[in-house]
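Working notes, beginning with the structure itself.
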Amino acid sequence: MVKLNEKMKHFVGVLMFLSCSLFMSAANYPAGSPVALNGKLKVVGTQLVNACGNPVQLRGMSTHGPQWFENCICPEMLDVLVDDWKIDVFRIAMYVQEQGYVTNPNKWKNFIDTYVDECANRGIYCMIDWHVLNPGNPNANLDDAKDFWNYMSQKHGSKEHVLFEICNEPNGGCTWSTVKEYAETILKIIRDQNKDETVVIVGTPTWSQDVDKASENKLSYSNVMYTLHFYAGTHGASLRSKAESAMNNGCAIFITEFGTSSASGDGSYSPDATKTWIDWANRNKISWINWSYSDKGEVSAALKGGSCNSRNWNNLTDSGALIKGLITTNRMSYTACNGQNQHNNQNNQNNQNNENNQNNQNNQNNQNNQNNQNNQNQQNQQTQAAQCPQLVDNIAIKNIYRIVNKNSCRVLSFADDQENAKLIQKDRNENDKKQWFQLQDAGDYYLVRNMSSNKYLTNKYNPNDGAEIVQNELSNYDNPSERWKISKQNGTWFRFENKSCNNASSALEVSQAKTDDGAQVVQSTNWASKDNQLWGFEFVSDGTDVNDLKASSLYIVPTIVENEFSVGGDESEYTELTIYSITGLKVSEFSQQSVYNVSGLSAGTYFVVMSKNGAPVKRTTILKK
C-alpha cells in the first residue's frame with residue numbers, strides 16, 4: 001500500500017504519485033497499446049478516465065451471440081480489429097438464455113477466459129457482457145448471475161484491461177427499482193472480490209434507454225457507469241435528451257451497444273443518423289461499441305454473409321465500412337499516463353507494429369496523396385481535432401478558465417509571456433498557466449487577463465480583418481482595444497467582439513479555420529457563427545491564484561475522500577471552507593469545524609477553498625470516492 005505524506009501540499013501531486021504506482025502493471029501489455037498507455041480505467045464524475053485521472057474515450061466492436069456465431073470469433077479476427085480497425089475495446093456478448101450461457105456454464109466461462117487473455121495480448125480493453133435480453137428481467141437468472149460474476153470478479157477483476165457489464169438490456173416492463181435491486185446484489189459480489197477497482201456498467205430499463213430514470217435514484221457504488229443503447233434507424237434526439245438529463249444528474253454513460261439500423265438490428269440503414277449520434281457521443285466524450293462484428297445477414301452486421309467461414313475479415317457491409325471509418329477518424333485527444341498527448345492512441349499502436357506507417361499516421365487514410373500538401377493539410381485537420389473538455393453554461397467575473405475553440409477543441413494560449421506575444425491555439429496542457437485566462441469586470445465588457453504573463457488581450461486599435469490579437473500590460477485608462485464583449489450564442493458556446501471595432505460583424509476566430517496546434521487567433525470582420533468563431537469556457541478555478549497561496553500551512557486529510565475529511569496545519573489561518581464543482585458551481589459552504597462531512601456529494605473531483613474572513617488563503621483539490 002502506498003503511504004501518503006500528510007503534508008503533501010497539492011492533491012495533484014498525490015494523485016499522480018498514486019497513478020504512477022497503479023500504472024506500473026501496465027508494463028505487462030504491449031508497448032504503445034491502449035492499456036499500456038492508460039492503465040486501469042475508473043470513473044470520475046460523469047467521465048471515464050485513465051489511471052492518471054485524464055479523460056479517455058473507448059471505441060470498439062461487440063460480438064454477436066457466440067452460441068450462434070462462434071466461427072466469427074477467433075484470434076485472427078481480433079488481429080484485424082486491432083491492427084486495421086484500431087479498436088481499443090472488445091465486447092464479449094454472453095447471452096444468458098437463448099441457447100447461451102445457462103446451457104453450458106463451464107464451456108462459456110472458458111470461452112470468456114480465452115478472449116480476456118487474447119485482448120490482454122493485444123493491449124486492448126475487454127468488456128464482459130452478461131447479455132440479458134430474453135427474458136428481460138435480470139433477476140430471472142439471478143443464481144446464475146451470482147455464480148458468473150463471483151467467478152469473473154475473482155478471475156479477472158484485478159486485471160487492468162477488464163470492464164464488467166452486468167445486465168445488457170432490461171426490458172419487458174422491468175423498472176429501474178427492479179434493475180437497481182439486481183445491480184446492488186451483483187455489485188456487492190464484485191466489490192467483495194474486487195473492492196472499488198473495476199468499472200461496472202449497469203443496464204437501464206426499456207432496452208437500456210431510460211438512463212434518465214436511473215439518474216434519479218443512482219447506485220451508491222463508485223466506478224459505476226450506466227448503459228445507453230441506440231439504433232440510429234429508430235432512436236433520435238429525444239433519446240439524446242434523456243441521456244443529457246442523466247449526465248446533468250451526475251451519471252456517467254457508456255454506449256455499450258448501438259446499431260446503424262432499426263432497433264431490430266435489421267432494415268432502415270441510417271448512416272447520417274448514425275453520424276449524428278457519434279458526433280454527439282464524441283463531443284460528450286462518451287465511449288461507444290458497435291453491434292456487431294458478425295456475418296448474420298442483417299443491416300447492423302459488419303460483415304457480409306459467409307465472411308466468417310471464409311475468414312474474410314474485411315469483407316464489409318455498408319454498416320461495417322461506415323463504422324470502421326468512424327472508429328479510425330477524429331480520435332479524442334487525451335493525456336496518457338506517460339505524460340504524452342495522444343491524438344489517436346490506436347494509430348500510435350499500429351504505427352509501432354507496422355514500420356511502413358511508423359512516421360505517417362495520416363498515411364492510413366490517404367496513402368496515395370501523402371506528398372500532396374493540400375490533401376495532407378486537410379487530413380491533418382481531421383485527425384488533429386481534439387475532443388473538447390467539459391464546458392460551463394455561464395461565465396463569471398474573477399473565475400479562471402481555459403478558453404476552447406469549438407472547431408479544433410484546442411485552447412487559447414501565448415507562446416511566451418512577452419509583451420505583444422501573439423494569441424494562438426494550443427493543445428490543452430493541464431499545468432500551463434499561459435492557457436489560463438481570468439475574466440475581469442469592465443462595465444458592459446470584460447478584460448481578459450492571462451494568468452501566466454499578467455497581461456491582457458488587445459487588438460491594439462486595429463479594426464481590420466485578420467488583425468493580430470496580442471497581450472499587453474493593462475492601460476491606465478479606459479482602453480477600448482482591451483475591452484471584450486462576450487455573448488452567449490448557443491449551448492456552451494460564446495462569441496468575442498472587441499469594443500474598439502464598433503463593428504457588429506466582428507469576432508475572434510482561428511485564422512483560416514485551422515485546427516492545428518499553434519494556429520494563430522485573429523480578429524474577423526465577417527461574423528458568420530462558424531465553429532472557428534465560437535468559444536467555450538472550461539472552469540479552472542474560482543479566481544484564487546494558487547501561486548499566491550502556497551505559503552499557507554493548511555492541508556486536507558485525506559485528499560481521497562469517502563465521507564469526511566479534516567484540515568491540518570495552523571487552524572488560525574482560516575475561518576471558513578467552500579467546496580466547488582469542477583464547473584465552478586458552489587456545492588458546499590462551512591464555517592470552520594474539526595471534520596467536514598461530504599457524504600452527500602457525488603463521486604468526482606472538487607476544488608476546496610479555505611478563507612479567512614472572506615479572503616482566500618488556501619486552495620486545493622479533493623477526489624470524492
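Quick caveat, the model's predicted, so the values are computed rather than measured. Hydrogens, waters and symmetry mates are skipped; everything else that's a heavy atom, side chains included, is used.
- Between the Thr114 side chain and the Asn110 main chain, a donor and an acceptor come within less than 3.5 Å of each other.
- Heavy atoms from other residues, nucleotides or ligands lying under 6.0 Å from NZ of Lys218 number more than 12.
- Checked for salt-bridge contact, Asp88 and Arg331 meet the test: a charged N lies under 4.0 Å from a carboxylate O.
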Let me see the working for Thr198 and Lys40 under side-chain hydrogen bond (donor to acceptor under 3.5 Å, both in side chains), right down to the final yes or no.
CA-CA 8 Å; Thr198 298; Lys40 196 165 184 69; 3.1 Å; yes
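- There is a side-chain donor-acceptor pair under 3.5 Å between Ser294 and Ser292.
- No side-chain donor-acceptor contact under 3.5 Å links Asn134 and Gln97.
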Derivation of the side-chain hydrogen bond (donor to acceptor under 3.5 Å, both in side chains) call for Asn315 and Ser307:
CA-CA 6 Å; Asn315 186 27; Ser307 297; 2.9 Å; yes
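- Side chains of Glu165 and Thr256: a donor on one and an acceptor on the other come within 3.5 Å.
- Ion pairing between Arg122 and Glu118 holds under the 4.0 Å rule for side-chain N and carboxylate O.
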Between Val179 and Thr204, is the side chain to side chain contact (heavy atoms under 4.5 Å, CB included) condition met? List the steps.
CA-CA 7 Å; Val179 178; Thr204 56; over 6 Å; no
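- With no hydrogens or angles considered, a side-chain donor-acceptor pair links Asn314 and Trp85 at under 3.5 Å.
- Within the 4.5 Å cutoff, side-chain heavy atoms of Phe164 are placed close to those of Val162.
- Remark: Lys109 qualifies as a cation-pi partner of Tyr151 under the 6.0 Å distance and 45° angle criteria applied to the six-membered ring.
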For residues 65-72, please give each side-chain donor-acceptor pair under 3.5 Å, one per line with the distance, not counting sequence neighbours.
unit_1, atom_1, unit_2, atom_2, d
Gln67, NE2, Glu98, O, 3.0
Asn71, ND2, Asn309, OD1, 2.9

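- A donor-acceptor contact shorter than 3.5 Å is absent between the side chain of Asp295 and the backbone of Gly305.
- The aromatic rings of Trp277 and Trp280 sit perpendicular to each other, their planes meeting at more than 60°, with 30° as the lower class boundary.
- Between the side chains of Thr260 and Ser319, at least one donor-acceptor pair of N or O atoms lies under 3.5 Å.
- The CD1 atom of Ile186 sits 7.5 Å away from the NZ atom of Lys146 when rounded to the nearest 0.5 Å.
- Around NZ of Lys275, the count of heavy atoms belonging to other residues, nucleotides or ligands within 6.0 Å does not exceed 12.
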Between Thr335 and Asn54, is a side-chain hydrogen bond (donor to acceptor under 3.5 Å, both in side chains) present by the stated rule, with each step listed?
CA-CA 6 Å; Thr335 302; Asn54 300 316; 4.7 Å; no
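- Between the side chains of Ser262 and Ser264, at least one donor-acceptor pair of N or O atoms lies under 3.5 Å.
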In sequence, state the C-alpha distance, the side-chain angles, and the governing distance for Lys285 and Val56, and then conclude on side chain to side chain contact (heavy atoms under 4.5 Å, CB included).
CA-CA 7 Å; Lys285 301 180 186 177; Val56 294; over 6 Å; no
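- Under a 4.0 Å N-O distance rule, the pair Asp117/Lys159 qualifies as a salt bridge.
- For the pair Tyr231 and Leu239, the minimum side-chain heavy-atom distance is 4.5 Å or more.
- In this structure, Cys337 and Cys52 have their SG atoms less than 2.5 Å from one another.
- When only modelled atom types and interatomic distance are considered, Asn290 and Arg91 share no side-chain donor-acceptor pair under 3.5 Å.
- A salt bridge between Asp192 and Lys188 is present, with a side-chain N of the basic residue lying under 4.0 Å from a carboxylate O of the acidic one.
- Residues Trp288 and Ile278 meet the side-chain proximity criterion, which asks for heavy atoms closer than 4.5 Å.
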Begin from the C-alpha positions of His229 and Gln209 and carry the test side-chain hydrogen bond (donor to acceptor under 3.5 Å, both in side chains) through to its verdict.
CA-CA 6 Å; His229 287 179; Gln209 296 170 47; over 6 Å; no
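- Side-chain contact annotation: Asn150 with Gln193, donor-acceptor N/O pair under 3.5 Å present.
- Using a cut-off of 4.0 Å between Lys/Arg side-chain N and Asp/Glu carboxylate O, Lys242 and Asp210 are scored as salt-bridged.
- A salt bridge does not link Arg191 to Glu197: none of the charged side-chain nitrogens sits closer than 4.0 Å to a carboxylate oxygen.
- The side-chain contact (heavy atoms from CB on, under 4.5 Å) test with Tyr221 is passed by exactly one of Leu187, Ile190, Val200, Val202: Leu187.
- Between Trp291 and His64, the ring-plane angle classifies as tilted under the 30° and 60° cut-offs.
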